[in-house]
Amino acid sequence: MNIAAVLSGGTGTRMGADIPKQYQEAAGKPVIVHTLEQMQRCSAVDGVVVTASPAWEEQILQWKKEFALTKLLAIVPAGADRQLSIRSGLLAAEPFMEKDKMSGVIIQDAVRPLASVELLTRLVAELKDAPCVMPALPVTDTTYTSHDGQWVDGLLERSLLYGGQAPEAFRYWPYWELYRDTPAAELSAMSGSCQLPYSRGWKVRMVPGERENIKITYPLDLKICEILLREREGIS
């Protein structure tokens, strides 16, 4: 059993809009619907759970019916931050997992609707050989460090740098045990989905990411996403 946990608890304050970015429309549908449709299309994904504000649960259920999102199994309250939302999603997935078989979980952001079905499939396939898999892209810009944001105080070796993306895939049971047993305060000090397992000594497999797999953070991101979604969906 492979289940995707789609994190949809963000408020989208950097977008400057009245509603969170994951619920804004792009190419004729809410952004989160595009993200869920990719899970629906992917044969490697057996089910989906969504973490969201309770205020959006009824609307998401309406979209489930309207867009035939039959893999959507549960909608549960998001946590106070991304890491606690991951924990909430893992807990929601537990009743659907098979204890006697290797199950996988995909952690995805609702605001990444352009991740391809091929990428999702590849992440799940890599779990046969690695407990933790993430897509990544080589950093192409010269990268500096600065402690005050005004003066350069260091230069990083670009050939060693990669930018991580979501979704990421994990072997469910050991990943869930990590999140279940780690104090909330320690979780909240982390950022990426792979940070906790890496800090516990897990081997993290990197696979090639996708340039089109952008995360919608600012208004320009939504405009670019609109163009790419229209191309993917064949909308003129």
Side-chain angles (χ1 to χ4, degrees), residues 1-11 45 49-51 76-94 97 99 101-112 115 119-120 122-141 143-149 153-210 213-215 217:
M1 189 73 166
N2 299 305
I3 290 182
V6 175
L7 310 181
S8 190
T11 57
V45 175
V49 298
V50 169
T51 68
V76 296
D81 55 42
R82 190 177 193 276
Q83 297 301 310
L84 296 180
S85 287
I86 291 174
R87 177 187 273 180
S88 180
L90 292 172
L91 177 60
E94 184 175 16
M97 294 297 190
K99 290 187 178 293
K101 294 183 179 180
M102 189 181 78
S103 298
V105 62
I106 296 169
I107 306 298
Q108 174 63 311
D109 301 317
V111 289
R112 284 188 184 267
L119 177 60
L120 293 167
R122 186 156 29 101
L123 290 170
V124 171
E126 289 288 342
L127 289 178
K128 294 177 182 178
D129 299 316
C132 177
V133 188
M134 65 176 290
L137 292 171
V139 170
T140 57
D141 294 319
T143 305
Y144 302 89
T145 61
S146 173
H147 284 83
D148 62 7
D153 53 34
L155 173 65
L156 300 178
E157 176 53 57
R158 185 175 64 185
S159 64
L160 301 178
L161 300 179
Y162 292 81
Q165 296 182 320
E168 296 127 308
F170 307 87
R171 292 177 184 171
Y172 174 79
W173 291 109
Y175 191 60
W176 169 220
E177 288 173 6
L178 278 184
Y179 268 83
R180 183 192 63 199
D181 298 338
T182 301
E186 184 179 350
L187 285 177
S188 295
M190 298 182 178
S191 54
S193 307
C194 291
Q195 188 171 348
L196 177 59
Y198 179 76
S199 72
R200 298 297 192 268
W202 285 32
K203 296 290 188 180
V204 180
R205 171 73 58 82
M206 293 195 308
V207 299
E210 298 174 333
N213 180 22
I214 61 174
K215 180 181 180 182
T217 304

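- Residues Leu196 and Tyr175 fail the side-chain proximity criterion, which asks for heavy atoms closer than 4.5 Å.
- Of the possible polar contacts, one joining the Ser88 side chain to the Pro77 backbone as a donor-acceptor pair under 3.5 Å is found.
- To the nearest 0.5 Å, atoms CD (Gln195) and CG (Leu187) are separated by 10.0 Å.
- Taking each heavy atom of Gly163 and Val139 in turn, the nearest pair found is N-CG2, 3.9 Å.
- In plain terms, the two heavy atoms of Pro167 and Ile106 that are nearest each other are CB-CG2, 3.5 Å.
- Side-chain contact check for Phe170 versus Leu178: every heavy-atom pair is 4.5 Å or farther apart.
- A pairwise comparison of heavy atoms in Trp176 and Arg87 identifies CZ3-O, 3.8 Å as the closest pair.
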Hey, can you pull the donor-acceptor pairs under 3.5 Å for the side chains in residues 125-135, sequence neighbours left out?
from: Glu126; atom 1: OE1; to: Arg205; atom 2: NH1; distance (Å): 2.5

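- The closest donor-acceptor contact from the side chain of Gln165 to the backbone of Glu210 lies under 3.5 Å.
- Here Leu137 contributes atom CG and Met206 contributes atom CE; the two are 10.0 Å apart, rounded to the nearest 0.5 Å.
- Arg158 places a side-chain N or O within donor-acceptor distance of the main-chain N or O of Thr140, the cut-off being under 3.5 Å.
- Checking Thr143 against Asp141 by side-chain atom types alone, no donor-acceptor pair falls below 3.5 Å.
- With sequence neighbours excluded, no residue forms a side chain to side chain donor-acceptor pair (under 3.5 Å) with Thr51.
- In terms of heavy atoms, Ile3 sits closest to Met97 at CB-CE, 3.7 Å.
- Residues Leu7 and Ile86 meet the side-chain proximity criterion, which asks for heavy atoms closer than 4.5 Å.
- When all heavy atoms of Val49 and Gly89 are compared, the pair lying nearest together is CG2-O, 3.7 Å.
- Judged by distance alone, with hydrogens and angles left aside, the side-chain atoms of Ser188 form no donor-acceptor pair with the main-chain N or O of Ala185 at under 3.5 Å.
- Looking at Arg112, its side chain does come within 3.5 Å of a backbone N or O of Asn213 through a donor-acceptor pair.
- Between Ile107 and Ser193, the closest heavy-atom pair is CG2-OG, 3.5 Å.
- Formation of a donor-acceptor pair under 3.5 Å by the Gln83 side chain with backbone atoms of Ser191 is found in this model.
- Listed by first then second residue, pairs satisfying salt bridge (Lys or Arg N to Asp or Glu O under 4.0 Å) with a partner in residues 179-192 read Glu186-Arg200, not counting sequence neighbours.
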